[in-house]
Every structure is written in structure tokens, then in C-alpha cells.
Amino acid sequence: MARAARSVGRDPAAIELVAISKTWGAEAIAPLISAGHRSFGENRVQEAEAKWPALQAETPGIRLHLVGQLQSNKAAEAVALFDVIHSVDRPSLVAALGKAMAAAGKRPDCYIQVNIGAEPQKGGCAIADLPDLLAAARAAGLPIVGLMCVPPADIEAAPFFALLAELARRHGLTQLSMGMSSDYETAAMLGATVIRVGSALFGAR
Ligand SMILES: *Cc1c(COP(=O)(O)O)cnc(C)c1O
């Protein structure tokens, strides 16, 4: 990641590596925490609730990211547990998160997930819906810091990363959550500020 960032004149320290620990237990996560890593991601609220409170009690300062699709009825639990939510993608979820944040008095940083390859099976809002969703999220008091995407598998990710960066620029957003085990170098070169890596750190799931 650092080499890729430097190759285009970016400061590697400007990129947060989120270790995606979904499916892995505390014994797999502990070595990363011992090595000083503090940024972790999960894709399921229930799995994270079972795993992280104990780890957080042992080590203060852990920053927990939710990177998976979020059901509106889990919004309150997600707000309570996570520091960052990457998967805001529809008006009903914006409303649920707005309510949950007001009730909890806690406002995790949020990303709007964009369905950048227009894939029907994937989460994320359509590119055409982004301006309205962003306005709704801001009106509901969600702290939207940037955009997130998971580009189509098995084709070159670079054009999708470049498009996400352009959309963020257009809307005055500075944070880009993009890049996974197979394409983190490309993402680092194209402006990612948050890179989400699972299997390259933990092994195959
Ligand atoms: C699982 C997951 C990742 C990490 O994927 P790897 O290919 O294992 O690095 C990143 N982002 C999201 C949204 C995920 O669900």
C-alpha cells in the first residue's frame, strides 16, 4: 500500500488500512492488535456484537467499521457498536440511522455506498440516485464523510475507482473507501483514503 501510494506522490499515512475480520475469531485477531493495529471491519452486526465488546474492553482505541449491508431494524445496534458505517445506500436506512443517532447521542462517520458497476445483486445506491440520497443523509444529520464502493469482480477495478473519486470530488467529499485484497495497490494509487483488506491479512475465508 505504502509503495503504491508513494509511486503517485501520495502520503501513505493518509490511508487507513481496515483489517476485515469477518468470519475470524478473537484468536486470529489478537496478533494484529498486539502488533499495534487498531482499525477493524465487520460485515454483520450480530457477528460483530458477539466478538468485539470483549476485545474492545481489553484494548482501548479500537476503531470498528461496518462494511456490510445494514438492515434498517439493526440501525440502533450498528450505531451503538461501530465508529464508522460504510454502507449507507437507501432512504429508509438514512431515516433509521438518523433516528438511531439522535436517540443514542452518537454519530458514527458514514459513507454512502455507490453501486459503481450497476450490478443488480450488489448493495449501494445507483449513481443517478446519489445526489438525492446525499441530500437526505445530510438533512437527517448523518455525518457523511465520503463514498464507498465494491467494484465488479474479475474486471479491472481502476475505472470504477476513478469514477468513485470523481463522484466524491463533485460532491465535495474527501474520503474514499475503496480497495480490497485483490486491488488495494490500484486503490491506493487512485486516491483511496480507506482500504478494506480481509483475506490478504488473515488468509482465505
Ligand atoms: C469481505 C469484504 C472486504 C475484504 O475482502 P478481501 O477480498 O477478503 O480483502 C472488503 N470490503 C467488503 C465490503 C467486504 O465485505
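Order of appearance sets the numbers: ligands from 1, and atoms from 1 within every ligand.
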Among all protein heavy atoms, pick the one closest to [atom] and tell me residue, atom and distance.
atom	answer
atom 5 (O) of ligand 1	Met180 CE, 3.8 Å
atom 9 (O) of ligand 1	Ser181 OG, 2.4 Å
atom 13 (C) of ligand 1	Val67 O, 3.3 Å

Inset, instruction - Using a strict cut-off of 4.0 Å, indicate which atoms of ligand 1 neighbour a heavy atom of Val197. - result: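 This gives 9 (O) as the contact atoms.
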Legend entry - Shortest heavy-atom approach to atom 11 (N) of ligand 1 - which of Met178, Arg196, Arg205: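 Checking each option, the heavy atom nearest atom 11 (N) of ligand 1 is found in Arg196.
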Inset, instruction - From atom 14 (C) of ligand 1, work out which of Gln69, Glu42, Lys22, His86 has a heavy atom at the shortest distance. - result: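 The option holding the nearest heavy atom is Lys22.
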Legend entry - Test of proximity, Ser199 against ligand 1: N or O pairs below 3.5 Å: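 Checking ligand 1 against Ser199, an N or O pair does fall under 3.5 Å apart.
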Inset, instruction - Give a yes-or-no answer on whether the side chains of Glu42 and His65 include a donor-acceptor pair shorter than 3.5 Å. - result: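 Per modelled atom types, Glu42 and His65 side chains form no pair under 3.5 Å.
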Legend entry - OH (Tyr184) with more than 12 external heavy atoms under 6.0 Å: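 No, the 6.0 Å shell around OH holds no more than 12 heavy atoms from other groups.
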Legend entry - Within 6.0 angstrom of Lys122 NZ, more than 12 heavy atoms from elsewhere: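 Counting neighbours around NZ of Lys122, more than 12 heavy atoms of other residues, nucleotides or ligands fall under 6.0 Å, so yes.
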Inset, instruction - Using a strict 4.0 Å threshold on nitrogen-to-oxygen distance, state whether Lys74 and Glu77 make a salt bridge. - result: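 No salt bridge links Lys74 with Glu77.
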Inset, instruction - Check step by step if salt bridge (Lys or Arg N to Asp or Glu O under 4.0 Å) holds for Glu49 and Arg44. - result: CA-CA 9 Å; Glu49 278 175 333; Arg44 291 215 171 94; over 6 Å; no
Inset, instruction - Using the salt bridge (charged side-chain N to carboxylate O under 4.0 Å, His left out) rule, collect all pairs that involve residues 181-200, keeping only residues at least two apart or in two chains. - result: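 Sorted pair list comes back empty.
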Inset, instruction - State if Met148 counts as touching ligand 1 under the rule of any non-hydrogen atom under 4.0 Å. - result: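 Yes, Met148 has a heavy atom closer than 4.0 Å to ligand 1.
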